[in-house]
Amino acid sequence: MLHKYIRLHTRNTMMLRSTCATRGKQLTRICVNRYTSSSSGGGQAEQKQQPLTPRASALTDEIIRVDHAGELGADRIYAGQMAILGNGPMGKTIEHMWEQEKCHRKQFETLIQQHRVRPTVMTPIWNVAGFVLGAGTALMGEKAAMACTVAVETVIVEHYNDQLRQIMDSPNPDKELLATITKFRDEEQEHHDTGIDCGAEQAPFYKAMTEVIKFGCKTAIAISKKI
Ligand SMILES: [Fe+2]
Ligand SMILES: [Fe+2]
């Protein structure tokens, strides 16, 4: 009776134990593939489990979470600007920057899955806040929209430069992340320069407005690093 039970159980459930050795650490996983009986009596796997990849280091985890949040916010800011100014003379310029932000966001969405990083719990807030900021400043005029771009991109360029220094100072620098952030930092700098070239500094209350936006961005970065 016991022998019969063991045979049945073995047919229905297969346990595979595999060991993945990565970066000197070993991750052990147990995959359980359930087999179900078909009408002909044969077995068929219901699902395959994806192989595990090593968890990101604390620094990489923090960088990917905050940058994913930042690029999401940037995407929404330009979406807000396009909603108001998309058909105007600045439309093409804003659209070009928006397309680059979409690529940045997509890249961090890939990285967040690849490294199994938890996105910030603030994602829905940044989603709405970004659009409101972009559309709100665009409603004040093209120069105000550009002032918003200058303020946001100033903070992002500083933020990316800080991260590049942190990665380079780390014991095992992630070269792929370094290259990604370097490329994005250069494109954010271009966005900043475009804003200046398009008359951001002539926007009403330029100084006060950019200081408020910079403070908001820095606060969002500090929050997104941790939660
Ligand atoms: Fe970006
Ligand atoms: Fe940008």
Side-chain angles (χ1 to χ4, degrees), residues 60 62-86 90-114 117 119-120 122-123 125-138 142-167 174 176-201 203 209-210 212-225:
T60 303
E62 182 183 286
I63 286 174
I64 293 175
R65 177 164 39 257
V66 68
D67 292 356
H68 172 259
E71 295 299 352
L72 165 79
D75 174 12
R76 294 296 80 205
I77 288 170
Y78 286 100
Q81 289 185 351
M82 278 298 286
I84 306 299
L85 301 172
M90 294 297 297
K92 288 284 173 205
T93 305
I94 296 169
E95 190 179 14
H96 171 68
M97 295 192 282
W98 189 24
E99 288 304 317
Q100 288 182 316
E101 298 299 354
K102 286 182 197 171
C103 291
H104 298 176
R105 178 181 174 179
K106 197 174 169 197
Q107 176 65 14
F108 276 105
E109 276 170 0
T110 301
L111 287 172
I112 214 164
Q113 287 176 18
Q114 193 179 321
V117 172
T120 172
M122 300 299 284
T123 298
I125 307 289
W126 302 153
N127 204 332
V128 175
F131 190 89
V132 169
L133 177 62
T137 49
E142 290 168 353
K143 289 183 169 55
M146 291 298 116
C148 170
T149 295
V150 168
V152 170
E153 303 293 4
T154 300
V155 174
I156 297 302
V157 168
E158 283 173 13
H159 166 73
Y160 277 155
N161 279 334
D162 287 343
Q163 287 187 337
L164 291 172
R165 280 189 283 270
Q166 278 183 297
I167 296 170
D174 186 327
E176 211 178 315
L177 194 56
L178 207 59
T180 299
I181 295 176
T182 302
K183 179 177 186 290
F184 291 179
R185 186 273 319 270
D186 292 346
E187 289 176 355
E188 312 299 10
Q189 183 65 52
E190 282 174 23
H191 299 170
H192 168 276
D193 297 347
T194 299
I196 296 287
D197 292 345
C198 293
E201 289 163 311
M209 181 166 49
T210 51
V212 169
I213 294 171
K214 282 181 192 175
F215 178 76
C217 289
K218 286 176 184 172
T219 305
I221 287 170
I223 293 170
S224 302
K225 275 183 187 175

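Atoms within each ligand, like the ligands themselves, are counted from 1 in listed order. Heavy atoms only: backbone and side chains are in, while hydrogens, waters and symmetry mates are out.
- In this structure, E99 places its CD atom where more than 12 heavy-atom neighbours from other residues, nucleotides or ligands lie under 6.0 Å away.
- The two residues A135 and I84 make their nearest non-hydrogen contact at O-CG1, 3.8 Å.
- Of all the N, O or S atoms in E153, the one closest to the Fe ion (ligand 2) is OE2.
- Nearest to the Fe ion (ligand 1), among the N, O or S atoms that E188 has, is OE2.
- Between K183 and D186 there is no salt bridge, since no side-chain N of the basic residue sits under 4.0 Å from a carboxylate O of the acidic one.
- If you look at E71 and ask which of its N, O or S atoms sits nearest the Fe ion (ligand 1), the answer is OE1.
- Classification of the H191-H104 ring pair by plane angle, with boundaries at 30° and 60°, yields parallel.
- The residue from T182, I181, L178 that alone fulfils the side chain to side chain contact (heavy atoms under 4.5 Å, CB included) condition with Q163 is I181.
- Closest N/O/S atom of H104 to the Fe ion (ligand 1): ND1.
- In terms of distance to the Fe ion (ligand 2), the nearest N, O or S atom of H191 is named ND1.
- The Fe ion (ligand 1) has E101 among its coordinating residues (N/O/S atom, backbone or side chain, under 2.8 Å).
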